[in-house]
Amino acid sequence: MTEPNRPPRLLLLDGHSLAYRAFFALPVENFSTATGQNTNAVYGFTSMLVNVLRDEQPTHVAVAFDLSRQTFRLEEYSEYKAKRNKTPGEFSSQLPLIQRMLDTFSIKYLTAPGYEADDIIATLVTQALADETAGLEVLILTGDRDSLQLVTERSTVLYPMRGVSDLARMTPAAVEEKYGVPPHRYPELAAIVGETSDNLPGVPGVGAGFAARWINTYDGLDNVIAQADKITGKKGEAFREHLGDVIRNRRLNALVRDLDLGVAMDDLVLTEWDRAAALELLDELEFRGELRTRILDVVAPAEDIPVEAGVDLDGTTLAPDAVAGWLDAVGDQTVGLSVRGSWGSGTGRVSGLAFALAEGTAAYIDVEAMSQADDAAVAGWLADAAKPKVLHDAKGPLHALAAQGWTLAGVVEDTALAAYLVAPDQRSYDLADLTLRYLHRELTQNDDPDQGELLFDEGGTDQGGVASSAMVQARAALDLSAELADEVEKAGGRGLLTDVELPLVRVLAGLEQTGIAVDTEHLEGLEAHFGDEVRKEAEAAYAVIGKEINLGSPKQLQVVLFDELNMPKTKRTKTGYTTDADALQSLFVQTEHPFLLHLLRHREVIRLRQTIEGLLKTVQPDGRIHTTFHQTIAATGRLSSTEPNLQNIPVRTEEGRRIRESFVVGAGYDSLMTADYSQIEMRIMAHLSEDELLIEAFRSGRDFHAETASRVFDVEPDAVTPEMRAKIKAMNYGLAYGLSAFGLSQQLGIEPGEARGLMDDYFETFGGIRDYLGGVVDEARRTGFTETIMGRRRYLPDLTSDNRMRRESAERMALNAPIQGSAADLIKVAMLRTDAALREAGLTSRMLLQVHDELVFEVAAGEADVLEKLVREQMAGAAELTVPLDVSVGTGRSWHEAAH
DNA sequence: TCACTCACG
DNA sequence: ACGTACGTGAGTGAG
């Protein structure tokens, strides 16, 4: 299944030239199987192919091969390609393997007797571009420069630069830039210059520069030839002398564009691949490492996996009073549990429960029709920690069950969390997606006996299929947990899952259920205040430009700023020029136009008003906001918060902080307390890098940024100026993001040169950091993933991308993931420890929020001191690092006051 | 639905 | 030559 809106894109590969390049680029001795089969060309070719499939997402693909050396060109010119070494057997033997690989990917490969791969590609390009309505874009991956003549606005050549890893993107502009002639004139130039690899000599002493100049001056090779007499000097002489060669070259390097290949574009559509055959071939070629993973990632997106047979399920709808007996019979078996009903943060109801057992039986209980005895039996079983249960995404069901008055214990697996740890970059962890991806079956009950079926006992009723779909889901969760257990194990994530993520579900459910109290009157007052400001600024802005526009429309703004007011153009975005705050600020510095000030201020206050409106809408009848925390969204391991997002409440400006005044202590409690880790990410950096100076800076307990600044600038700590400190602070923060000199210069408003110098000095001082950061990327490239202190992995296949932007982006992710992810690990552990300690100590105070490095608590009367001590202890002791974990604590009536 | 902008750590 | 710091969520405009 292809995504419906994917642009149609045809990828054509010159199999021969690419494999040939790979053959010489990769050392044979590193690529051969136990049986002595060489695989370097297969490896290199496949690697290029999957990278381009991944980076370019073509919808149609074909690979062209030369059939033999016997082509029409050889017939015309017996010396054609004569200087080429005899194709070594080590190479030829790999071509059939490449073709088998293509078969398993369901990619067509084509040959044509008497013609070369180039001619096949030229023909397909011509076919593809002829049909304007299809709108196919064409990409040609080839190591043969003759194909440059095929470049147009809609067809691009990807040309391998060195070896097999870097691709040059040859658009018409790039061809013109590199050779000085447009693509259709490239073969004219090549005819003059000659092509050594094809044994086609050109005009001696004439290079691409002169050839391009002639072609441009006389408007094409034909005219150059016609007016050859006019060319003066030695080069002109040489040209006239070798005119025959030039004409022959031009004839031979013209690609044939009208072969009868007998294929239509529709035949080249990428379709389902043969997973079993591909795995078998990968095994046979002994491709075990990173390429295997990359292939499976790229060629096997979840939706393309063929659906295998379903499962038989022997299902029962339990009649009233039958529940206890059924659950008794289950004993201590692990049960897949699916909860029907609805839920939100701290609310919900249960309408049905489905249980599935590994042996194939399943049962459904209509909760609304249950007897009292059933209720008791269910309650007992749910609360029994010795009855192991598997759920998918347990936090929602936990809320619903709690609302029903049921406690859930004995959750041994959450398949959403397991799948997240195995591959944290996924967009969704839907049960249906995972079932398809890991179990290769659809998450629906099946009426087709060949595909497995759902059987009901005689007495069973299933109105609308509710019971059967619930049982199918319970079964899917159970089967998935078994399947994912291996994957989790392989990814080294078992400890993290069992000791951190799984128990955290309960803590998060608690936070959501508790919520945080809001002073709605205060919020409403602010809303009115900022509303006034918005109107005032809008009117002032309209007055300046003499008309009313929608200030919230970047498009209308661009018209005003760049067309009407003729301001200098800002940085480009996809659709125009940016109007973000940085750009407006810089425009103001240049033009001092008052419209900009009103616009900026309007943005600021409308934003605050929006934030307030959003918050007011989410206040529940209990006067509190109950956010939802998501545990499987951030690829680094962080939590996220939605409806509303309480992790991005303004704090950086005075006005913004007024919103924090609205988050207040609730009835029955004394105050709010915040506790946050200071410089958690730099401390992790110190721990991971083992940089002695950095560790020392933290152990000293003095101002960290000033301390590091004094080291970099080599001055006494007292002599560190605010400017020096600010620069090093920006540097310290940027480190964990994979900073660039450019980024740092932007941040600080200094010249890139100065930023570069600053970085050099910094890394000179903290050599351990430099070595660590370099090592992280190398290691990740080798293994395919990064790892946090607690072994949380993030896979970054783009580290080997041929696309420079993607590759560098992946490198920055690789730098950041262990830092941000380790910090996430730490605070999760801190939450678990704190939660346990609160219960242990029997305190009434409770945890309300987590904001990445900060925890917010509601403090019960008389518990302030003991709570602070407890929280400090649990947070600081969350991990044993080579540097101390510093926790700072504040208390107050509101979140604002509780800041420190 | 995507692009832009901007809030947080 | 080209784009430029990591990770999120939400509201709005526009196609």
Using only modelled atom types and a 3.5 angstrom limit, is any donor from either the side chain of A:R607 or the base of B:dC6 paired with an acceptor on the other? yes
Touch check for A:E613, heavy atoms < 4.0 angstrom, all strands: base, sugar-phosphate only, or nothing? nothing
Strictly below 4.0 Å: does A:S640 bring a side-chain N or O up to OP1 or OP2 of C:dG9? yes
Would you kindly give the CD1-to-C1' distance between A:I819 and C:dA5, to the nearest whole Å? 13 Å
Would you kindly give the CZ-to-C1' distance between A:R660 and B:dC8, to the nearest whole Å? 8 Å
Please work out which of the three classes, parallel, tilted or perpendicular, describes the rings of A:Y429 and A:Y420, given edges at 30° and 60°. perpendicular
Kindly determine whether A:K555 and A:T575 satisfy side chain to side chain contact (heavy atoms under 4.5 Å, CB included), including the steps that lead there. CA-CA 9 Å; A:K555 205 164 173 200; A:T575 55; over 6 Å; no
Ionic contact status for A:K571 with A:D582, cut-off 4.0 Å: no
Distance test, side-chain N/O of A:T578 to OP1/OP2 of B:dT5, below 4.0 Å: yes
Write down the distance separating the P atoms in C:dA5 and B:dC6, rounded off to the nearest Å. 16 Å
Separation of C:dG11 atom C1' from A:I612 atom CD1, nearest Å, is 14 Å
Is it the case that atom CD in A:E564 sees more than 12 heavy atoms from other parts of the structure closer than 6.0 Å? yes
State which of C:dG3, C:dG7, B:dC4 makes the closest approach to the side chain of A:E808. C:dG3
Check whether the side chain of A:R572 and the base of C:dG3 form a donor-acceptor pair under 3.5 Å. no
Decide yes or no, distance alone: a donor-acceptor N/O pair under 3.5 angstrom between the base of C:dC6 and the side-chain of A:Q820. yes
Is any side-chain nitrogen or oxygen of A:Q610 closer than 4.0 Å to OP1 or OP2 of B:dT5? no
Quick one: label A:A174 by what it contacts on the DNA or RNA (base, sugar-phosphate, nothing), any heavy atom closer than 4.0 Å. nothing
What distance, rounded to whole Å, do you find between the two C1' atoms, one in C:dA1 and one in B:dT5? 28 Å
Using a strict heavy-atom distance below 4.0 Å, which residues from residues 737-749 of chain A are in contact with DNA chain C? A:Y737, A:G738, A:L739, A:S740, A:F742, A:G743, A:Q747
Given B:dC8, C:dG7, B:dC4, the nucleotide with the shortest approach to the side chain of A:T636: C:dG7
According to a 3.5 Å limit on both distances, what stems of 3 or more consecutive Watson-Crick or G-U pairs are formed with DNA chain C? B:1-9 with C:6-14
Cationic N near anionic O, under 4.0 Å, A:E654 to A:R657: yes
Whether A:K555 contacts C:dG15 is assessed here as follows: a side-chain N or O lying under 4.0 Å from the phosphate OP1 or OP2. Is that the case? yes
Counting only heavy atoms from other residues, nucleotides and ligands, does the tally under 6.0 Å from CD of A:E613 exceed 12? yes
Look at the side-chain N and O atoms of A:R812 and state whether any lies under 4.0 Å from the OP1 or OP2 oxygen of C:dA5. no
Look at all strands and tell whether A:L815 reaches a base, only sugar-phosphate, or nothing, counting heavy atoms closer than 4.0 Å. nothing
OP1, OP2 of B:dA3 versus side-chain N and O of A:T575: anything below 4.0 Å? no
Within the 4.0 Å heavy-atom criterion, would you say A:I680 contacts the bases, only the backbone, or no part of the nucleic acid? nothing
Taking for A:S809 and for A:G552 the nucleotide of DNA chain C with the nearest heavy atom, the one nearer the 5' end belongs to A:S809
A:F530 side chain near A:Q610 side chain, heavy-atom distance below 4.5 Å: no
Rounded interatomic separation in angstrom, taking CD from A:Q647 and C1' from B:dG9: 8 Å
Could you give the CD-to-C1' distance, from A:Q850 to C:dT8, as a whole number of Å? 12 Å
A:K574 NZ - B:dT5 P separation (whole Å): 13 Å
Taking only the side-chain nitrogens and oxygens of A:R804, find out if one of them lies under 4.0 Å from OP1 or OP2 of C:dG3. no
Please check if atom CD in A:E604 has more than 12 non-hydrogen atoms from other residues, nucleotides or ligands closer than 6.0 Å. yes
Report which part of the nucleic acid A:R603 touches: base, sugar-phosphate, or nothing (heavy-atom distance under 4.0 Å, all strands). sugar-phosphate
Categorize A:A581 for me: base, sugar-phosphate, or nothing, with a 4.0 angstrom heavy-atom threshold over every strand shown. sugar-phosphate
Reckon A:N550 touches a base, only the sugar-phosphate, or nothing at all at heavy-atom distances under 4.0 Å? sugar-phosphate
Ignoring hydrogens and geometry beyond distance, is a side-chain donor-acceptor pair present between A:E537 and A:H598 at under 3.5 Å? yes
Please assess A:Q850 against A:S641 for the test side chain to side chain contact (heavy atoms under 4.5 Å, CB included), listing each intermediate value before the final yes or no. CA-CA 9 Å; A:Q850 186 250 49; A:S641 153; over 6 Å; no
In whole angstrom, what separates A:N816's CG from C:dC6's C1'? 3 Å
Given C:dA10, B:dT5, C:dA14, identify the nucleotide with an atom nearest to the side chain of A:T642. C:dA10
Give me the ring orientation class for A:F766 and A:Y762: parallel if the planes are under 30° apart, tilted from 30 to 60°, perpendicular past 60°. tilted
Which part of the nucleic acid, if any, lies within contact of A:R794, taking any heavy atom under 4.0 Å across all strands shown: a base, the sugar-phosphate backbone alone, or nothing? sugar-phosphate
C:dG3 C1' sits how many Å from A:D582 CG, rounded? 16 Å
A:R638 (side chain) and B:dG9 (base): donor-acceptor pair under 3.5 Å: yes
What nucleic acid atoms does A:S641 come within less than 4.0 Å of, heavy atoms only: base, sugar-phosphate, or nothing? sugar-phosphate
Please assess A:H705 against A:Y733 for the test ring pair (Phe, Tyr, Trp, His ring centres under 6.0 Å), listing each intermediate value before the final yes or no. CA-CA 10 Å; A:H705 299 303; A:Y733 276 113; 5.6 Å; yes
Considering only heavy side-chain atoms of A:S553, the closest of B:dA3, C:dA14, C:dA10 is C:dA14
Do A:H630 and A:S640 pair up side chain to side chain, a donor and an acceptor below 3.5 Å, judged on atom types alone? no
Shortest side-chain distance from A:A634, nucleotide among C:dC6, B:dC6, C:dG7: C:dG7
Counting only side-chain heavy atoms from C-beta out, which of B:dA7, B:dC4, B:dC6 sits nearest to A:N648? B:dA7
